[in-house]
Amino acid sequence: MRKLLKLMGERLSAGEDLVLVTVVASSGATPRGAGARMLVGRDGRLYGTIGGGAVEYRSEHIAQDVLRERQSRGHAFTLTKDDVQNLGMICGGAVNVFFHFIPGGDGRAVALADDAEARFERGESFWLVSDLARGGELFLADRGSAPEWLRPCLARHPRRVTEGGRDLFAEQINSPGRVYVFGCGHVAQELVPVLSHLGFRCVALDDRPDFADRALFPSAEEVKLIDFERVADFVDISAEDYVCVMTRGHAFDTAVQAQVLRSPAAYIGVIGSRGKIKAVREILRAQGFTDADFERITTPIGLDIKAETPAEIAVSIAAQLIEFRARRAAE
């Protein structure tokens, strides 16, 4: 969403009319769920996707109609068995799509894009809200300043609320949660760019200056040179954060685990063999940690896809974090 909104602001500032296409509801085995978006201009799709296939293809054509008519509207794709065959789809279900026309030079939309970029820079948690009853008019919201009537809309999962004469679609587009990657070795160097591309905000940490190097992690939000024995002096891990422990040895892994287990981290993953895991747990148990504490740790980290290379291991970890994030969003 960050790239989409930035591009939207740039194109609008240049005077180009745009259509923001948003899936506001879906059911069944549809290609993309609620919250999928794409930006369309006179030359077609500019950025984003609502799943590809015939629905996206038809939506691009509808967006061109909206550009000509200069009028926002919604469209429902009901993908019954016959519709699926007619559309050439392999998925069934229903998709409600909203087409928000934004005229070139729209000052409010440009200001919204600028405000969103500033919030991303500050690492704030916020939502993009579309007022569908008013042509898809956009505004940003956060839990701290949102009025009472809006707060039920501000959930982890995209939500459409139609009550009290309102028709709103809200999607959280930035979360305060970060991924703290302890250890900046080969796996971390593969993992951070993958996670960053997937919308995770990454902080890479190491106690070696040659590894805690911004040049190795250009996509990370931060790169920190720290003391693994004093984690709390450098970072404040919250209940929204993820921790990936992949330092260069047992001793450092043990030290980091002992500290992050005392934090409210949402996810703690540790790289390593089963033999290493057993040895580390014996040390931690001697320090007073229990089986209940160990249940918070995912180790070996990542989904079991028989990964071997650093790049493959990074993919397995990224997949696990995607799965974990999706489960939390559905809660």
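- Remark: side-chain polar atoms of Arg2 are not paired, donor with acceptor, to backbone N or O of Leu5 under 3.5 angstrom.
- In this structure, the separation between CZ on Arg248 and SG on Cys184 is 10.5 Å, given to the nearest 0.5 Å.
- Val179 is listed as a side-chain neighbour of Val181, based on a closest heavy-atom distance under 4.5 Å.
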Donor-acceptor pairs under 3.5 angstrom involving side-chain atoms of residues 99-114: please list them, not counting sequence neighbours.
| residue | atom | partner | partner atom | Å |
| --- | --- | --- | --- | --- |
| His100 | ND1 | Gly136 | O | 3.2 |
| Asp106 | OD1 | Arg108 | N | 3.0 |
| Asp106 | OD1 | Ala109 | N | 3.0 |

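- Here the side chains of Glu56 and Thr49 are in contact, with some heavy-atom distance below 4.5 Å.
- Here the straight-line distance linking atom CZ of Arg143 with atom SG of Cys153 works out to 11.5 Å at 0.5 Å rounding.
- Lys6 places none of its side-chain heavy atoms less than 4.5 Å from the side chain of Lys3.
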Give the intermediate values and the outcome of side-chain contact (heavy atoms from CB on, under 4.5 Å) for residues Arg119 and Asp142.
-> CA-CA 10 Å; Arg119 292 179 187 234; Asp142 59 79; 3.2 Å; yes
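- Nearest heavy-atom pair across Ile297 and Arg281 is O-NH2, 4.2 Å.
- Atom OG of Ser59 and atom CD1 of Ile50 lie 3.5 Å apart (nearest 0.5 Å).
- Between Arg262 and Phe289, the closest side-chain pair of non-hydrogen atoms falls below 4.5 Å.
- Cluster annotation: Leu7 and Leu4 are assigned to the same hydrophobic cluster (Ile/Leu/Val/Met/Phe/Trp/Tyr, side-chain heavy-atom contacts under 4.5 Å, transitive).
- Remark: side-chain polar atoms of Thr299 are paired, donor with acceptor, to backbone N or O of Val270 under 3.5 angstrom.
- Salt bridge status for Arg208 with Asp206: present, with a side-chain N to carboxylate O gap under 4.0 Å.
- Of the possible donor and acceptor atoms, none in the side chain of Gln320 sits under 3.5 Å from a partner among the backbone N and O of Ser316.
- Contact of the Ser125 side chain with the Glu240 side chain is not registered, since no non-hydrogen atoms from C-beta on lie closer than 4.5 Å.
- Taken from CG in Asp207 to CD in Glu229, the straight-line distance is 9.5 Å, to the nearest 0.5 Å.
- With Phe77 as the aromatic partner, Arg58 does not meet the cation-pi criteria of under 6.0 angstrom to the ring centre and within 45 degrees of the ring axis.
- Of the possible polar contacts, one joining the Gln259 side chain to the Phe228 backbone as a donor-acceptor pair under 3.5 Å is found.
- A donor-acceptor pair is defined here as one N or O able to donate and one able to accept, closer than 3.5 Å; no such pair exists between the side chain of Thr22 and the backbone of Val24.
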Just do the ring pair (Phe, Tyr, Trp, His ring centres under 6.0 Å) check on Phe169 and Phe98 with the steps written out, would you?
CA-CA 10 Å; Phe169 178 77; Phe98 195 84; 9.7 Å; no
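- To the nearest 0.5 Å, atom CZ of residue Phe234 and atom OH of residue Tyr180 are 13.5 Å apart.
- For Arg159 (side chain) and Pro152 (main-chain N/O), a donor-acceptor pair under 3.5 Å exists by modelled atom type.
- Leu12 and Phe120 fall within a single hydrophobic cluster, where Ile, Leu, Val, Met, Phe, Trp and Tyr side chains are chained together by heavy-atom contacts under 4.5 Å.
- Within 6.0 Å of CG in Asp43 there are 12 or fewer heavy atoms belonging to other residues, nucleotides or ligands.
- Taking both residues in full, the closest heavy atoms of Leu261 and Asp293 are given as CD2-O, 3.5 Å, listed atom of the first, atom of the second, then distance.
- Every pair passing salt bridge (charged side-chain N to carboxylate O under 4.0 Å, His left out) that includes a residue from residues 165-185 is listed here, sequence neighbours excluded: Arg37-Glu171, Arg160-Asp167, Arg178-Glu221.
- Closest non-hydrogen pair, Gln189 versus Phe211, comes out as NE2-CD2, 4.1 Å.
- When atom types are taken as modelled, the side chain of Trp127 and the backbone of Ala155 share a donor-acceptor pair closer than 3.5 angstrom.
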Val187 and Ile317: side-chain contact (heavy atoms from CB on, under 4.5 Å), yes or no, with the steps?
-> CA-CA 10 Å; Val187 174; Ile317 296 169; 4.2 Å; yes
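- Closest of all the heavy-atom pairs between Ser263 and Ile237 is OG-CG2, 3.7 Å.
- The environment of Gln71 atom CD is sparse: at most 12 non-hydrogen atoms of other residues, nucleotides or ligands sit within 6.0 angstrom.
- For Arg134, the CZ atom counts as loosely surrounded, since its 6.0 Å shell holds 12 or fewer non-hydrogen atoms of other residues, nucleotides or ligands.
- For the pair Arg73/Asp65, a side-chain contact is recorded, criterion being any heavy-atom separation below 4.5 Å from C-beta on.
- Residues Leu303 and Tyr242 do not share a hydrophobic cluster, defined by chaining ILVMFWY side chains whose heavy atoms lie under 4.5 Å apart.
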Mind running side-chain contact (heavy atoms from CB on, under 4.5 Å) on Asn174 and Arg201 for me, showing each step along the way?
CA-CA 9 Å; Asn174 200 43; Arg201 300 163 57 207; 3.8 Å; yes
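- Judged purely by atom type and a 3.5 angstrom limit, Thr247 uses its side chain to pair as donor or acceptor with the backbone of Asp253.
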Problem - Stepwise side-chain contact (heavy atoms from CB on, under 4.5 Å) check, Val231 with Leu205 - result: CA-CA 10 Å; Val231 169; Leu205 312 103; over 6 Å; no
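- When the side chains of ILVMFWY residues are joined at heavy-atom separations under 4.5 Å, either directly or via intervening members, Phe324 and Leu198 end up in a single hydrophobic cluster.
- The closest side-chain heavy-atom distance from Ile313 to Met246 is not below 4.5 Å.
- A single hydrophobic cluster is seen to contain both Phe200 and Val192, as judged by linkage of ILVMFWY side chains at heavy-atom distances under 4.5 Å, directly or through other members.
- Closest non-hydrogen pair, Gly41 versus Leu18, comes out as CA-CD2, 4.2 Å.
- Separation of atoms CG (Leu67) and CZ (Arg42) is listed at 4.5 Å; rounding is to 0.5 Å.
- A salt bridge links Arg151 with Glu148: at least one charged nitrogen is closer than 4.0 Å to a carboxylate oxygen.
- The two residues Pro209 and Leu225 have their closest heavy-atom pair at N-CD1, 3.6 Å.
- No side-chain donor-acceptor contact under 3.5 Å links Ser196 to the backbone of Pro193.
- Of the possible donor and acceptor atoms, none in the side chain of Ser130 sits under 3.5 Å from a partner among the backbone N and O of Leu132.
- Taking the side chain as every heavy atom from C-beta outward, Phe252 and Val245 never approach each other to under 4.5 Å.
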